[in-house]
There are 2 protein chains.
Amino acid sequence: MKPTLQAVADAVGVSRSTVSNAYSRPDQLSATLRERILDAARQLGYPGPNPTARSLRRGFVGSIGVLFTSQLSYAFTDPFAVRFLAGVGTAAERHGTSMLLVPLPPAVTDARRAVENAAVDGFCVYCVADEEWALDVIRQRGLPFVSTASRDDAGDDERFVGIDERAAARSAAAHVAGLGHRRVALLADSVLPGAPAGPLTLVGVDQVPHPTTRGRLAGFADAFAEVGVGWAELTLVNAPGNSRPAAAAAIAGLLDQPAPPTAVLAGSDVLALGVLDALAARPARDRPTVSVTGFDDVPEAAAAGLTTVRQPAEEKGRIAAELLLDPPADAAAGHVLLPTALIVRGSTGPVPRS
Amino acid sequence: MKPTLQAVADAVGVSRSTVSNAYSRPDQLSATLRERILDAARQLGYPGPNPTARSLRRGFVGSIGVLFTSQLSYAFTDPFAVRFLAGVGTAAERHGTSMLLVPLPPAVTDARRAVENAAVDGFCVYCVADEEWALDVIRQRGLPFVSTASRDDAGDDERFVGIDERAAARSAAAHVAGLGHRRVALLADSVLPGAPAGPLTLVGVDQVPHPTTRGRLAGFADAFAEVGVGWAELTLVNAPGNSRPAAAAAIAGLLDQPAPPTAVLAGSDVLALGVLDALAARPARDRPTVSVTGFDDVPEAAAAGLTTVRQPAEEKGRIAAELLLDPPADAAAGHVLLPTALIVRGSTGPVPRS
DNA sequence: GATCCAGTCTGTATCGATACAGAGACTAAC
DNA sequence: GTTAGTCTCTGTATCGATACAGACTGGATC
């Protein structure tokens, strides 16, 4: 059994409080006594105040939670998520705070429990899928949080960092529309929860539940509406999982058709890279010329020559953590919109004359 | 103020214990009473048992620490570290355990404090630099840990997962030696702490303090010793920081020399990619033909055509976490050596005839 | 009708620390 | 010589839960 603070106090012959002060408030006791106490502690093998007990008494933990509404192991395969984490890490580092990554079990009840049981002072919520229930639990716990996806019900006092998804997506689509493309596919993850991979017909973009996906699809649609291509004329493709293979599989059927789309607008770079994979996998003679755009501008995008919309990933994580760790006095400052930029590379070009 | 368990007990008119049981041991009370209690809790806005208090009383936390003996933000830029984290995440997920990433402040005293204060049940230690002090703190706390770098002083009962660094490095060097290379540079991070970037003269490989680096360099040297090239004939280059730019900068001077090395053996893929960057940055006419090998086989290595030594990154993380989370009864099973493989790609070739 | 037992619930001790008010001792000031 | 003020240190209450032993109830068993 490890000695406790009491044991050290007994050994030195002082009160528990004094030993506690020796560690946490050195100005409250003489330097010599402090040395005596620390020496005794060393001799007894006392490892310093128990972090859990300390947290309980002090009322805070000294770590922030990062919540991915997806498998934790997935988070590390998504380059955007990794950059986001790096940003959170930078801010955490600066504040001397630890980051708790909370894995969510598949069942919602278990997942609620996981969020309830996390010993943290607040959460950065990185939304992959529908996250309302998670925010509910956090609110219930009375913990502060920062969310990173626009939500429909965001309270005024709730902190947020993100981008204007719709406008950003629109810029990419406008670029593609400007190149003359009219037969276009929109590729997204989690268009409808539970829907199978592949083409999907939706009456309107409003049917998409996930706000981020909806925002991006709406932006794509906006730009095409402007050149006279309506929602119904766009091919919507679902690629559950947001991975390169998932995207490749989801788009494959479409590429086989007699008149494949001349452009694919993807909701993320990972999906777009999957489309490029699918194209590269075919023999050159039956490889259609397809313009492809992504979203995020992850490091891999540059190497692949992918036209994409850049959003500052690390910045997003850093700011999320900072909004959490020292909240701005002004409520309006708790709502941050980051800039985006269209990055045109080689993956988009004019419509080929057939 | 959030209500406590006591408040719920008072509201329902039962004892604190019973409310506690309603959450943690449903079999200890009747289903109807349990429902009544949970209802009351909902109404009062009781968020469930306080995780910190629960941890204190139960004696464990339900999360494991991941310790990088470097900046946390760095960890996310190193692709190998990211894969390692993914592996830890997979295991943590399976066990319903959270991962605490502990950032270490630059000053050692502060860093010790950070390790002392982490509320975790154990540590996976990913060693970047010298980590002895960290292990000391963990031992002092009486916490279990798994380390991932071979150490000189590993206790028999201490768990470990890693590779035979020396043999693995030797395989890469033997390949290069077999191609005829004799004028060779060895490039490594943290050859000597505090040493500047660039060539460095060491009497022997024993002078390198970091065990992983030492092991790899020793393996390189082994293979060349076998073909009659001694340690003194090898050019050792220090690249502090383990980043592509750092490696490019460290190697640049060497490439400018009248007789640059015909091969560079790097201690990691990141460094090797940096060397390729440095080569690519020169105009083709004064770009020497240099064979380059890496170490790790990170995802980027394949795309760059880098010859490298593959070690299973995710596996390493996963096994580290599993050794921690359910320790094998047999002490010997707590010491895992993973297989490695030489992956030959286009970055190595025969010595050019000058 | 006494005994036993399973099923429920209660009460007290405890996990390991920190906060805060206050007690002594000692110096400085008037 | 008193008052005030500083420095140190102590003691008690408290953070919010869980463990464990025991009390009570009602039905089954002999």
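Proteins get letters first, then strands, A, B, ... in listed order; numbering begins at 1 in each. Everything numeric here is computed off the predicted structure, so don't read it as measured data. Excluded from the calculations below are hydrogen atoms, water molecules and symmetry mates; all remaining heavy atoms, backbone and side chain alike, are included.
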So what does [X] touch, heavy atoms closer than 4.0 Å: a base, only the sugar-phosphate, or nothing?
X	value
Phe60(B)	nothing
Thr4(B)	sugar-phosphate
Thr18(B)	base
Ser55(A)	nothing
Ser17(B)	base

For [X] and [N], give me the distance from atom [atom1] to atom [atom2], rounded to whole Å.
X	N	atom1	atom2	value
Leu5(A)	dT10(D)	CG	P	12 Å
Ile37(B)	dT18(D)	CD1	P	12 Å
Asn21(A)	dT8(D)	CG	P	12 Å
Arg54(A)	dG16(D)	CZ	P	18 Å
Gln6(A)	dT18(C)	CD	P	13 Å
Glu116(A)	dA17(D)	CD	P	12 Å
Arg16(B)	dG11(C)	CZ	C1'	9 Å
Arg25(B)	dC9(C)	CZ	C1'	13 Å

Does a side-chain N or O of [X] approach OP1 or OP2 of [N] to a distance below 4.0 Å, or not?
X	N	answer
Ser20(B)	dA17(D)	no
Ser24(A)	dA17(C)	no
Tyr46(A)	dA17(C)	yes
Thr52(B)	dC15(D)	no

Position toward the 5' end of DNA chain C (nearest nucleotide), Leu29(B) or Ala53(B):
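Whichever sits nearer the 5' end wins; that is Leu29(B).
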Along DNA chain C (nearest heavy atom to each residue), the more 5'-positioned of Arg58(B) and Gln28(B):
Gln28(B)
Test your reading of the model: is there a side-chain donor-acceptor pair from Gln140(B) to the backbone of Tyr46(A), 3.5 Å cut-off?
yes
Backbone of Ala22(B) reached by a side-chain donor or acceptor of Arg34(B) within 3.5 Å:
yes
Whether Phe80(B) and Tyr126(B) hold their rings parallel, tilted or perpendicular, with breakpoints at 30° and 60°:
tilted
Taking the six-membered ring for Trp, are Phe84(A) and Phe68(A) parallel (under 30°), tilted (30 to 60°) or perpendicular (over 60°)?
perpendicular
Using distance alone, with no hydrogens and no angle criterion, decide if Asp10(A) and Gln6(A) have a side-chain donor and acceptor under 3.5 Å apart.
yes
Any donor-acceptor pair, under 3.5 Å, between the side chain of Arg57(B) and the base of dT14(C), if you only look at N and O atoms?
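Indeed there is one.
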Does any N or O donor sit under 3.5 Å from an N or O acceptor when you compare the side chain of Ser15(B) with the base of dG11(C)?
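Not at all, since no donor on one side and acceptor on the other fall under 3.5 Å apart.
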Do Leu104(B) and Leu67(B) touch side chain to side chain, with heavy atoms closer than 4.5 Å?
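Yes - at least one pair of side-chain heavy atoms lies under 4.5 Å apart.
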Counting heavy atoms from C-beta on, name the nucleotide in dA17(D), dT8(D), dC9(C) closest to the side chain of Ser30(A).
dT8(D)
